[in-house]
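Remarks on the structure that follows.
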Amino acid sequence: MEDLISALVVFVLAAFVGFEVINKVPPTLHTPLMSGSNAISGIAVLGALLVSGTGNVTLSSVLGVIAIIMATINVVGGFLVTDRMLQMFKKKEARS
Amino acid sequence: MNDFLPSSIQISYLIAASLFIFGLKQMSSPATARRGNLLGAIGMLIAIIATLLDRSIVSYELIILGTVVGAALGAVMAYKVEMTAMPQMVGLLNGLGGGASTLVAVAEFWRLRSAGEAIALDSIITIILSVLIGGVTLTGSAIAFAKLQELITGAPIIFPFQRGVSIGLLIGFLVGSAYLILDPQNLTAFLAMVAISLILGVLFTNPIGGADMPVAISLLNSFSGLAASAAGFVLMNNMLIIAGALVGASGIILTEIMCKAMNRSLTNVLFTAFSKAKTASIGSGDSVTPKVTHSVDAEEAAMMLGYARSVVIVPGYGMAVAQAQHAVRELADQLERLGVDVKYAIHPVAGRMPGHMNVLLAEANVPYTQLYDMDDINPEFDHTDVALVIGANDVVNPAARHDTNSPIYGMPILEVDKAHHTIVIKRSMNAGFSGVDNELFYKDKTLMLFGSAKDVVTQLVSSVKELT
């Protein structure tokens, strides 16, 4: 139970930090913010790594691999598409 | 030395979490946002490498297989996706994140169960939560994706006793939880709960109509973060908890912004199908003003724009659907050549997700310094010569300010009617997305320019080109 409470503390504090930081993001960047934070939610990949690398092939490790695939799509797709969008935001193009 | 590995993993997690926070912070300006995103990616890489050092991971074959397949699919998606399809893409990614979190919880349950040891109370509670949030995120996002991709109808899907069924399922889930807490080995109860949470996700998104999708997507974004956090509780992994909490917070903020922009509460969006609530009030406010519109042709409109001092362009999703954003940018270029001050006014719900319109315009090379948010541009309409509305309707309807009978009453709008002249490019006089008539079109200083956005804007460009 003690573990659970300290984890809860971490969760609540992190949520406060999230609110503070993200409140300052201007509407112009809301879509990239969303896809970028989306990529971060692919952090579940860590959990997937932990459950699938146990060495013996069990139902757990099979589920784990599926989870790795899903989460990696989430991470890689999320960060790349965000980058693709952000590079389009320019101050003023050089007119020819 | 024994502690060295675990503590170095923890320290790496701390670094990764800090990089996430720094990265998100840099998202607050377009100038630094790209670097911010890169920092986030580096943080993720550090977290992944650190995790691979964990002692419980002894075999890498499956891991390599999973990451290679996932990375390849993700990269292809990221490079192929059209910018207009961003909402679907984000919806899909949300679902995958949520799905991954659920699978982690299920796999962990299975592992604990097969190990034959007693499962601790806090483990079982966190597993239950994780399955619920992750499951709802997975199928909820899948439905949102299907709606946005138009695989299924975008209209709210409602069947009799829907709410009753949802509540029944929720109760079923609670009963299942109680069972599982009393008897953690009970596989039937567990599987039933997984199934219920998946069905709940479908029921959650089904009644949400196309126009409300920005809210649904933002909320599911938040859920995908919370799902990751929940999985973190299951594994007692701080990294997952922190990252998930950050994303959860971001999703909630965006949800709130979207709700505010539509002047509706979250419960209203989730539980009332929009069209239903409003059909009653349409038609009541008619016949007050004689319905006369003034139309204008492209040449005359081009003259008005070309000889104006300031022009504010108000793009709506109709412009994006017509793929007119490049033509619009060209028009703005031509106007600037004539010395006209050109700005874009972006309503928060102009696209299909928060900030969508900005991305679409950025893709057409519109510099972000010309894009103005609603609050910044509204005071400027008073001294704007021409407001050019392209494919937007409800977000410029003045009825939102004064007509208490209007279904959109109270919704913040772009006050284009305050400009000296307003030109509205519109396909026909059909009512907009919400089915509400727009009194803006009947005002004396409003000029209607009928035609498809792309054709009309292209004509405007060539006419403006002839002006000197």
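Just so it is clear: chains get the letters A, B, ... in the order the sequence lines come, proteins before strands, and each one is counted from 1.
The line from NE2 of B:His356 to NE2 of A:His30 is 15.0 Å long, rounded to the nearest 0.5 Å.
Proximity to chain B (any heavy atom under 4.5 Å) is shown, for A:Ala71, by both the backbone and the side chain. In this structure, no portion of A:Leu13 lies under 4.5 Å from any heavy atom of chain B.
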Name each donor-acceptor pair under 3.5 Å that joins a side chain in residues 58-67 of chain A to protein atoms two or more places apart or in another chain, with its distance.
from    : atom 1 : to       : atom 2 : distance (Å)
A:Thr58 : OG1    : A:Ser60  : N      : 3.2
A:Thr58 : OG1    : A:Ser61  : N      : 3.3
A:Ser60 : OG     : B:Ala107 : O      : 2.8
A:Ser60 : OG     : B:Arg111 : N      : 3.3
A:Ser61 : OG     : A:Asn56  : O      : 3.4
A:Ser61 : OG     : A:Thr58  : N      : 2.9
A:Ser61 : OG     : A:Thr58  : O      : 3.0

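The two residues B:Met239 and A:Leu46 come nearest to each other via the heavy atoms CG-CD1, 3.4 Å. The two residues A:Val76 and B:Ala71 come nearest to each other via the heavy atoms CG1-O, 3.6 Å. Between B:Ile241 and A:Ala7 the shortest heavy-atom distance is CD1-CB, 3.6 Å.
For the pair B:Leu38 and A:Asp83, the minimum side-chain heavy-atom distance is 4.5 Å or more. Two residues are said to be in side-chain contact when any heavy atoms from C-beta on lie closer than 4.5 Å; A:Val51 and B:Trp110 fail this criterion.
In terms of heavy-atom pairs under 4.5 angstrom with chain B, the leader among A:Val17, A:Leu49, A:Asp3 is A:Leu49. Among A:Met85, A:Met34, A:Lys24, the residue with the largest count of heavy-atom pairs under 4.5 Å with chain B is A:Met34.
A search for side chain to side chain donor-acceptor pair (under 3.5 Å) contacts involving B:Arg113 returns nothing, not counting sequence neighbours.
Across A:Val75, A:Thr72, A:Ile69, a single residue satisfies side chain to side chain contact (heavy atoms under 4.5 Å, CB included) together with B:Thr67, and that is A:Thr72.
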